[in-house]
Amino acid sequence: MDRPNDPPAPLALSGVSAGYERNDKDRVLDAVDLELAPGTITGLLGRNGSGKTTLMRVALGLMRARTGTARLFGENSWDSPAEVRKRLGYVAQQFASFGWMKVDPCLAMIGSHYDDWDHGLVDDLKRDWQLENRRIAKLSPGDQQKVAILLAVGHKPDLLLLDEPAASLDPAARRDFLKAIVELNADRGQTVLLSSHITSDIERIASHIAILHGGRIVCHEALDEIKDRVGLVTLTEPPWPPVENVLASQGSRHWIWNPDECGLATNVRVEEVVLEDLFVGITAR
Amino acid sequence: MRSAVVLRAVLGRWWQLVCFLPFVIYVVVLGGPAVANGIAVWLMGIAGWIAGVFAKDLGNWPNRPLVPGYSKTLFQMVLVCLLLIPLACGSLWTALGNPPPPFGPGLLWGTIMTLCVVRTAVSPAVLATNLAGIIGLGFYLIWAAKQAMHPVVFESLTDWRLQFPALALAALALFHIWRRLNAPLRATTRNFEAEGREPLYTKLYGLIAGLRARVWREVVVTLPLVALALLLVLLVRTGITTYHVWIVFVLACLVYSLARVVVRLATIHVPLRLLWLSGAAETRRSLGRECALAILMLGFGWLPAGLVGAAILALGMHQAAQFDGVLLVAFTTLLMIALFVGTGRRIPSTKGSLQLLAVGVFCGGLTITLIHGIELGWADRSAMVLVLAGLAVATWWAVARALARAEIVQ
């Protein structure tokens with residue numbers, strides 16, 4: 001429960017439903033609830049087509065929710081004022097714009113929209129990523145994605161939404177990018193929602209994970225909490241753990257909250273949770 | 001660096017020059033003494049047009065502050081285009097025993113238009129293209145239809161009593177251009193940081209103008225104009241009356257403009273989203289409104305060019321044809337205003353509204369003045385109105401779809 005003086009959550013989705021078809025039954029998102037606490041890095045996981053991009057677009061106010069509300073810093077995202085939007089950064093899956101411009105002028109042009117554009121940060125990242133000042137259309141997809149990331153982080157946004165930003169980056173660039181995100185988070189308490197299929201990246205930097213499946217957020221927890229309290233148990237016969245303790249199941253494998261407290265047989269082996277396995281388990285339902 | 005800029009400006013526009021190729025071929029292959037004056041005027045117009053294109057390209061040059069001597073380079077190009085090329089061509093023509101071309105009026109027209117181009121090349125830079133188009137198409141139309149024009153028009157243009165004052169005025173205009181380019185507040189130090197404080201519509205012009213489609217697509221949308229040019233050459237040679245040619249041309253300008261609008265609409269959504277997220281506009285409606293206006297102003301850049309050129313041409317036509325032409329111009333102007341108001345709900349920029357008002361007043365005045373005869377039947381006229389209305393609806397729909405696709409206005 002928020003106290004009256006608490007700052008509003010950077011992003012809060014409540015009962016959000018959205019879709020692309022006119023048929024209201026064909027929903028990509030179905031009553032999604034998600035609230036990001038300030039300063040957290042949340043990894044958004046979901047299978048292909050699960051609605052991660054749609055969720056981000058609704059969150060940003062680029063798409064209207066059919067039902068429910070999406071709020072950015074307490075303001076309705078669809079009608080958010082310019083001051084709120086200036087606090088956002090967004091990297092789309094594919095960067096397909098400004099192809100006629102060179103990298104530096106493009107950065108300068110977008111930077112001109114912001115009062116606090118961080119030239120030092122952008123220059124550092126550009127140098128680390130060995131990004132040449134060429135026409136954007138002539139850059140490789142990976143380099144184009146780097147430009148998109150620079151455009152999104154240059155104004156040091158308070159809320160950064162990254163839609164599979166590192167998919168086309170090489171390992172070195174990906175590492176630099178993740179480092180930059182962590183540093184921004186540490187320096188400014190930036191809130192980040194990062195969608196990715198690379199679970200190792202999320203494990204490396206995320207404080208929380210949210211798993212989107214069947215149009216809903218089926219798991220939104222602190223990553224440390226999951227690592228500390230969830231165990232992978234292989235059970236072929238009773239005693240079964242209480243239903244409320246089961247986070248996910250796949251065949252005989254069960255991811256269970258506090259397995260030590262579930263009254264399972266003492267000789268049952270509890271394994272450490274691997275995020276990728278957990279994701280597969282949850283989304284296999 | 002400077003030569004690189006110039007080279008880019010020239011090479012980057014080769015496809016636009018294609019529009020004029022049929023006329024060059026026509027003049028070279030079929031021309032004779034009768035087209036001497038037309039050639040000179042046409043050359044003046046083309047020169048001014050090229051200068052305008054240079055100015056526009058330089059105005060849009062991303063790292064312009066890095067270009068040394070921007071103003072000087074621009075002025076040199078203006079001088080070369082306005083003076084040296086047509087003077088050389090005209091002198092050669094006169095030396096071959098032909099009557100002197102109308103240097104004075106041509107140069108005056110070119111300098112005035114270039115002055116407009118220079119004024120607008122800085123903010124918003126892209127309007128220069130529109131004005132440059134006015135020069136090129138206006139003179140092209142004069143040339144294309146000169147055989148049907150009243151001889152007194154060309155005689156007066158070449159009269160020394162008009163030539164000398166016009167030359168003097170052109171020199172004054174050139175001096176003014178030079179002063180403007182070298183004024184201390186000129187844009188040599190302008191950069192994107194400064195643009196950040198400019199109004200939204202200025203940014204939009206730059207962004208949308210930069211949405212250049214691939215060359216082949218631009219060539220495709222240019223093809224109708226080239227095809228029309230060939231058609232006009234054929235029509236003039238087969239003796240079909242000027243006003244038919246003229247009407248076809250104005251309609252082609254409409255179609256061509258619509259094609260350019262559609263090309264831009266296809267690529268507008270991503271920059272629009274970025275603009276929205278960067279807080280460039282307070283409300284979705286204001287962003288959509290200004291975007292629609294910018295698209296139309298840029299996409300229909302050739303339309304006012306055709307209209308002004310057509311209006312000039314109308315002065316030389318026989319009276320009975322003038323009414324139809326002016327009627328078409330008036331309807332087209334109304335169409336433009338309806339489009340701007342319909343898609344934008346209002347005309348947000350002072351410059352845009354003044355430009356529209358000027359065109360509207362001009363065309364309205366001509367309509368009142370020149371209504372003397374009727375050559376087209378009411379059925380033809382109704383069809384024309386239907387075509388224009390259809391274009392208006394199609395454009396409105398296309399703009400609305402593009403804005404919806406960008407999820408800016410739903």
Side-chain angles (χ1 to χ4, degrees), chain A residues 18 20 54 56-65 72 77-117 119 133 135-137 147-148 151-152 154-155 157 159-161, chain B residues 4 8 12 57 60-67 126 190-200 202-215 218 264 266-287 403-410:
Chain A
Y20 296 94
T54 307
M56 292 213 180
R57 291 174 67 183
V58 171
L60 287 164
L62 291 178
M63 184 176 173
R64 189 172 239 164
L72 293 165
S77 70
W78 182 254
D79 298 317
S80 56
E83 299 78 46
V84 167
R85 277 176 273 133
K86 282 181 185 290
R87 298 171 69 185
L88 306 176
Y90 174 52
V91 178
Q93 258 178 357
Q94 289 175 325
F95 181 62
S97 185
F98 308 115
W100 74 93
M101 292 185 89
K102 288 191 172 187
V103 172
D104 286 346
C106 180
L107 292 169
M109 186 196 69
I110 292 294
S112 72
H113 288 78
Y114 299 99
D115 297 329
D116 50 355
W117 185 258
H119 294 277
N133 185 29
R135 276 185 63 186
I136 292 173
V147 175
L151 293 177
H155 57 292
L159 173 62
L160 187 56
L161 283 85
Chain B
R8 177 187 179 276
D57 262 0
N60 273 353
W61 187 257
N63 267 329
R64 199 173 36 182
L66 301 177
V67 181
V126 76
R190 174 172 171 257
N191 54 27
F192 282 116
E193 277 73 19
E195 285 181 3
R197 291 187 289 276
E198 288 178 354
L200 172 62
T202 306
K203 292 177 189 170
L204 274 171
Y205 274 110
L207 262 182
I208 295 169
L211 292 174
R212 290 177 188 161
R214 290 180 184 168
V215 172
E218 289 279 6
R264 287 206 161 92
T267 46
I268 186 65
H269 57 287
V270 177
L272 263 190
R273 282 178 199 160
L274 279 173
L275 273 182
W276 170 250
L277 289 177
S278 68
E282 271 302 323
T283 64
R284 286 169 187 281
R285 189 156 293 283
S286 66
L287 181 60
L403 294 178
R405 191 175 167 216
E407 278 106 16
I408 295 303
V409 178
Q410 288 187 342

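Nothing here was measured: the structure is a model prediction, and the numbers come from that model. Throughout, a chain's letter reflects where its sequence line sits, starting with A, and its residues are numbered from 1.
Rounding to the nearest 0.5 Å gives a distance of 14.5 Å between OH of Tyr90(A) and OG of Ser278(B).
For the residue pair Trp276(B) and Trp78(A), the shortest heavy atom distance occurs at CZ2-O, 3.9 Å. Nearest heavy-atom pair across Leu277(B) and Tyr114(A) is O-OH, 4.1 Å.
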